[in-house]
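The structure appears below as structure tokens.
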Amino acid sequence: MMEKHYDAKAAEAKWYQVWETSGCFHDEPGKGEPYSVVIPPPNVTGILHMGHALNQTIQDILVRWRRMQGRNTLWLPGTDHAGIATQNVVEKALKKEGKRRQDLGREAFVERVWEWKRQYGGTIVHQQRMLGNSTDWSRERFTFDEGCSRAVAKVFTQLYDEGLIYKGNYIVNWCPRCGTALANDEVEHEANHGHLWYVRYPVVGSEKGAAGEPYKDYIMVATTRPETLPGDTAVAVNPKDERYAHLVGKNVMLPLTGREIPVISDDYVEREFGTGIVKITPAHDPNDFLVGKRHNLAEINIMTDDGRMNELAGEKYCGMDRFKCREALVADLEAQGYLDHIEDYDNQVGHCYRCHEVVESRLSKQWFVRMKPLAEPAIAAVRSGEVRFVPERWSKIYFNWMENIQDWCISRQLWWGHRIPAYTLRVNAGIGEEGRGNGEELVFVAETAEQALEKAKKATGNAALTLADLDQDPDVLDTWFSSWLWPFSTLGWPEKTADLDYYYPTTDLVTAQDIIFFWVARMMMAGIHFMGKPPFKNIVIHGIVRAADGSKMSKSKGNSLDPLELIDAYSADALRFSIALITSLDCDSKVSKEKFEIGRNFCTKIWNAARFMEMNGFGAKDCASGPDGQTAFGQSLTSDERHILWATDLACRKVNEILESYRIQDGALAVYDFFWTQICDWYVEYAKDAPDKARAFTILRDVFWKALRLLHPYMPFITEEVAHQLGYLKEGESIMRAEFPTGYTDAEKAAWGLSQETYDFVNAKREAITALRALRAEYKVPPATFVKATVATDDPKAAAEADSLKRAMRAESVEFVPAGSDLAMPSKMTAFGTVYLSLEGLVDKAAESKRIAGELAKLAGFIKSSEAKLANENFVAHAPEAVVAEARRKLAENRDKVAQLEKLAKLFA
RNA sequence: GGGCGAUUAGCUCAGUUGGUUAGAGCAUUACCUUCACACGGUAGGGGUCACUGGUCCGAGUCCAGUAUCGCCCACCA
């Protein structure tokens, strides 16, 4: 006996456990057509947010659907070791103990992070289970596990050997808090209300001025970052700027330092901005760095790794925080008369995407990947259509980035991550100066330290070298350097495994737009370069979940919804269905808590419809009667029965077609409408009082089973529960492995007399029913009152519908009269015929008269425009025949309606 | 500055290649606790499809321009 209320929590916990332990998520490589998807691995430190819920719901819908279609399916789960994020989390924990990572030392710290991972790293993986993800947990991977690490080392070595990895002095984005370089993409620019400081740089040799103006002859430089002044090694003007042409080649004095720096000219300078003169600080600004390279300027690094000034900034400022220094330095400039004035100025300032600290540009030695050669084949793969973006427009964004690709800075000054497999020979390793070339470092890159040692021995000819003579590069690799290998490293690469052979390339990749560059593009490059084939066939890009006001959800703003809370309040199925229903691939979705009531209400509807079936004799004991395709309905079906069978067939075809093109939302709508409108609103109402109740329910049973399976990808738990409650499945079976319905066969349709005509006929009949209900409502006939209805139609099939009309209309009688009959009663025209309601005179005449007048006015407008349209020869000639015919029909119908209303108007006058 | 997108009912959004009187959910109005479901049922109300032009027999749909709003990339020190 089904409970009155569906206990989602119990059902969801139970079924997930059953699915996972019985291997429902697992397929073996081999038979059948593979369908494989790798999950975008969430950060191991992460907790499930709405973005995950959306992303994974879409994937699970696709995966469950394909699995039910009989595809050999793999959805591979896993997590990302998330270098900076994870290191930060553990460092924070250490801080509570009053320790820094340096206090532990590298090895102990890394062990500590592993310890943390073992303890808390399962959080998100557990939460994903709550969503109902049908991921194959037996294949769960971690970007820092042994296999993935081997893949990383191999990739680094290979790229290095191919000349695609190099180490270079470069100005990089530096997070002083995290103490590491950041890729350009990892810097978030935010509006900043700052200032523009105008500073005087005296021209060397000019005379001293009056008090407050130390030099008469000076040039004015505008800067947003006065604290970098001690690092200036030039000032620059535009070569075409006549105002300053005479100064080029001269020297100016750098305030506060007494140092002389040259005035140079460079195209980079905008004449219109500020004063048209820029101070050049090559070690602390990317543009200045390039200028410095062009003019061979010195690079003076005036800051420490943690964002304080160093001794090169001057004794006074050394050790000062960079922002404190800014204040102090500005004060000194002012005191000594160098500061001219200050303007308010809004610009963009970069922040670390992990910790939000203001990013510093800093000169350092870093490892880079040359991207151009990798990008070219990845561009070609999308151009040729071998790999497809869904929606297609994202390919433009992809091309735009790929065609302007920059080298990728892959080294990070962290401890948590894949350590760079580059080994430097120690200076005191007993290799003479001549053996080291020109005093340069000897670096050996190899997958393991032992292999590096072999290389070192070979290169130096010194067989006595040991591992102790090699220093491994202290840096680790950017987290994305392991994620870009995800589609094949997780399948076993570099080993040749059966999984790799069978499931690669994966079929679909589902992700949000924000990591197209970070991740998708790089996976394309790695897949093609190392596997010879792009890593997936379709790249499905979906929107971002936003708060109700359209802003980004974030914990700090407090406007985020927690999927786990929603699951708790409404159930996972409700969350999934609602998310599917409000998700368009094309744009971002705004969500608020109320939206999830849709899914919750739908669950309730499904549950109650199932209860209704159980009450009518379909319960757990009823396993014997076969599901679809096996019932011999014969030719005697009623029109309503034929209608629901046809509607079911339509729904099955539609859902398959829709999912084929990734229109998750349309599929949700289609299945929602099919279940609610077609089955519940109409067919169940019919079945309650059908002429052959047993047969009507046999059909319902079949239709319901198809509906459950159509729903399953969207709502896995309740469909499984109901399927078992109603006896569609036996113990040990799962709807997950049931066949996804494709509709009825042509033979079945023929045997049951289904056709578009019979379907349309019932739709017309429903129109008539609705029309009469509307008349009842308009004339305020109490629901309990039985009325007399008349239908004017010549359709010979109509008479057979008298009984069903009577019930649906709550009529004591339904009379049929020939079409065109002229009755003085309120009526509505429908495709079925004109429906009349006998009123027996209990109506407010004045009110009716007014209403009729209004309706007539409305119709007159339509008739006028409709007549004009049909009078237009071009319309008749060009428009499709059906459209013209329909227009004619509508016109005739509305003319009749007018005639009817006019008659009624007299009646009520 | 460059690129991409959006603008349809009070709100959130659908609207396939131009072709019936533009749809759904929520909200709202009226009526209904009828034996699956009030997280429900029935019937309504509510839109000159941002604006201006253009192409066409016909434009929410195609083209151009304008306005407003988003996002991404690159940034002016």
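All chains are named by letter (A, B, ...) in the order of the sequence lines, taking the proteins before the strands, and each is independently numbered beginning at 1. The structure displayed is predicted, hence computed values, not measured ones.
The CG-C1' distance, from Asn173(A) to A74(B), rounds to 13 Å in whole Å. Atom C1' of nucleotide A36(B) and atom CG of Asp689(A) are separated by 15 Å, given to the nearest angstrom. Separating the OH atom of Tyr398(A) from the C1' atom of C4(B) is a distance of 18 Å, rounded to the nearest angstrom. Rounded to an integer number of Å, the gap from CD1 of Ile516(A) to C1' of G5(B) is 13 Å. Residue Lys4(A) contributes atom NZ, which lies 12 Å from atom C1' of G40(B) at whole-angstrom precision. Rounding to whole angstrom units, CZ of residue Phe577(A) and P of C39(B) are separated by 19 Å. Atom NZ of Lys780(A) is separated from atom P of G44(B) by 13 Å (rounded to the nearest Å). Summarising the geometry, the separation between CD on Gln513(A) and P on C71(B) is reported as 11 Å, rounded to the nearest angstrom.
Taking the six-membered ring where the residue is Trp, the centroids of Trp607(A) and Tyr6(A) are separated by under 6.0 Å. Checked against the 6.0 Å centroid criterion, the rings of Phe675(A) and Phe704(A) qualify as a close aromatic pair.
Under the Watson-Crick or G-U wobble criterion, with both distances below 3.5 Å, U33(B) is left unpaired in every strand shown. When both distances must be under 3.5 Å, the Watson-Crick or G-U wobble mate of C11(B) is G25(B). In this structure, C51(B) forms a base pair with G65(B), meeting either the Watson-Crick or the G-U wobble geometry with both donor-acceptor distances under 3.5 Å. C39(B) makes up no base pair with any nucleotide shown, lacking Watson-Crick or G-U wobble contacts both under 3.5 Å. Partner assigned to C71(B) is G3(B), using Watson-Crick or G-U wobble distances below 3.5 angstrom. When Watson-Crick and G-U wobble pairs are counted only if both distances are under 3.5 Å, G19(B) pairs with C57(B).
Ser265(A) places no side-chain N or O within donor-acceptor distance of the main-chain N or O of Val237(A), the cut-off being under 3.5 Å. With His284(A) contributing its side chain and Ile302(A) its backbone, the two residues share a donor-acceptor pair below 3.5 Å. No side-chain donor-acceptor contact under 3.5 Å links Tyr570(A) to the backbone of Leu575(A).
For Gln665(A), the side-chain atoms get nearest to A14(B) when compared with the rest of A14(B), C31(B), A43(B). The side chain of Val269(A) lies closest to A77(B) when the candidates are C72(B), A77(B), A36(B). Checking A77(B), C73(B), A36(B) against the side-chain heavy atoms of Phe517(A) singles out C73(B) as nearest. Set against G40(B), C37(B), A77(B), the side chain of Glu685(A) has C37(B) as its closest nucleotide. Proximity note for Met615(A) (side chain, C-beta onward) versus A43(B), A36(B), C31(B): the nearest is A36(B). When distances are taken from the side chain of Lys396(A) to each of C37(B), A77(B), C4(B), the shortest belongs to C4(B).
When heavy atoms are screened at a 4.0 angstrom cut-off, Arg600(A) is found touching base atoms of the nucleic acid. Residue-level contact check: Val884(A) touches neither bases nor backbone, having no heavy atom under 4.0 Å from any strand. Among the atoms of the strands shown, base atoms are found under 4.0 Å from some heavy atom of Cys680(A).
Remark: the separation of the P atoms in C13(B) and A6(B) is 13 Å, to the nearest Å. Rounded to the nearest Å, the gap between the P atom of A64(B) and that of G18(B) is 16 Å. Nucleotides U28(B) and A14(B) are separated by 24 Å at their P atoms, to the nearest Å. For the P atoms, the distance from G3(B) to G60(B) is 29 Å, rounded to whole Å. When the C1' atom is used for both A67(B) and G46(B), the distance is 26 Å, rounded to whole Å. A gap of 26 Å separates the C1' atoms of C57(B) and G65(B), to the nearest Å. To the nearest whole angstrom, the two C1' atoms, one in C31(B) and one in A22(B), are 28 Å apart. Going from the P atom of A50(B) to that of G15(B) covers 15 Å, rounded to whole Å.
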Inset, instruction - Scan nucleotides 18-28 of chain B nucleotide by nucleotide, 5' to 3', and note B when protein non-hydrogen atoms come under 4.0 Å of the base, S if they reach only the sugar-phosphate, - if neither. - result: -BBB---S---
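Taking a cutoff of 4.0 Å between a charged side-chain nitrogen and a carboxylate oxygen, Arg600(A) and Asp573(A) do not qualify as a salt bridge. Comment: Lys828(A) engages Glu778(A) in a salt bridge, judged by a side-chain N to carboxylate O separation of less than 4.0 angstrom.
The shortest distance between the side-chain N/O atoms of Lys688(A) and the OP1/OP2 oxygens of C35(B) is not below 4.0 Å. Side-chain N/O atoms of Thr770(A) include none lying less than 4.0 angstrom from OP1 or OP2 on U42(B).
Each of Asn400(A) and Asn616(A) has a nearest nucleotide on RNA chain B; the 5'-most of these lies closest to Asn400(A). Across the interface with RNA chain B, nearest-nucleotide mapping of Trp676(A) and Asp288(A) shows Trp676(A) to be the residue nearer the 5′ end.
Closest approach of Ala283(A) to Ile300(A), counting heavy atoms only: CB-O, 3.2 Å.
Geometrically, Arg200(A) does not engage Tyr338(A) in a cation-pi contact defined by less than 6.0 Å to the ring centre and at most 45° from the axis.
Residue Lys605(A) places a side-chain atom within donor-acceptor reach of the base of C37(B), judged by atom type and a 3.5 Å distance cut-off alone.
You'll find the side chain of Tyr714(A) stays beyond 4.5 Å of the side chain of Thr719(A), heavy atoms only.
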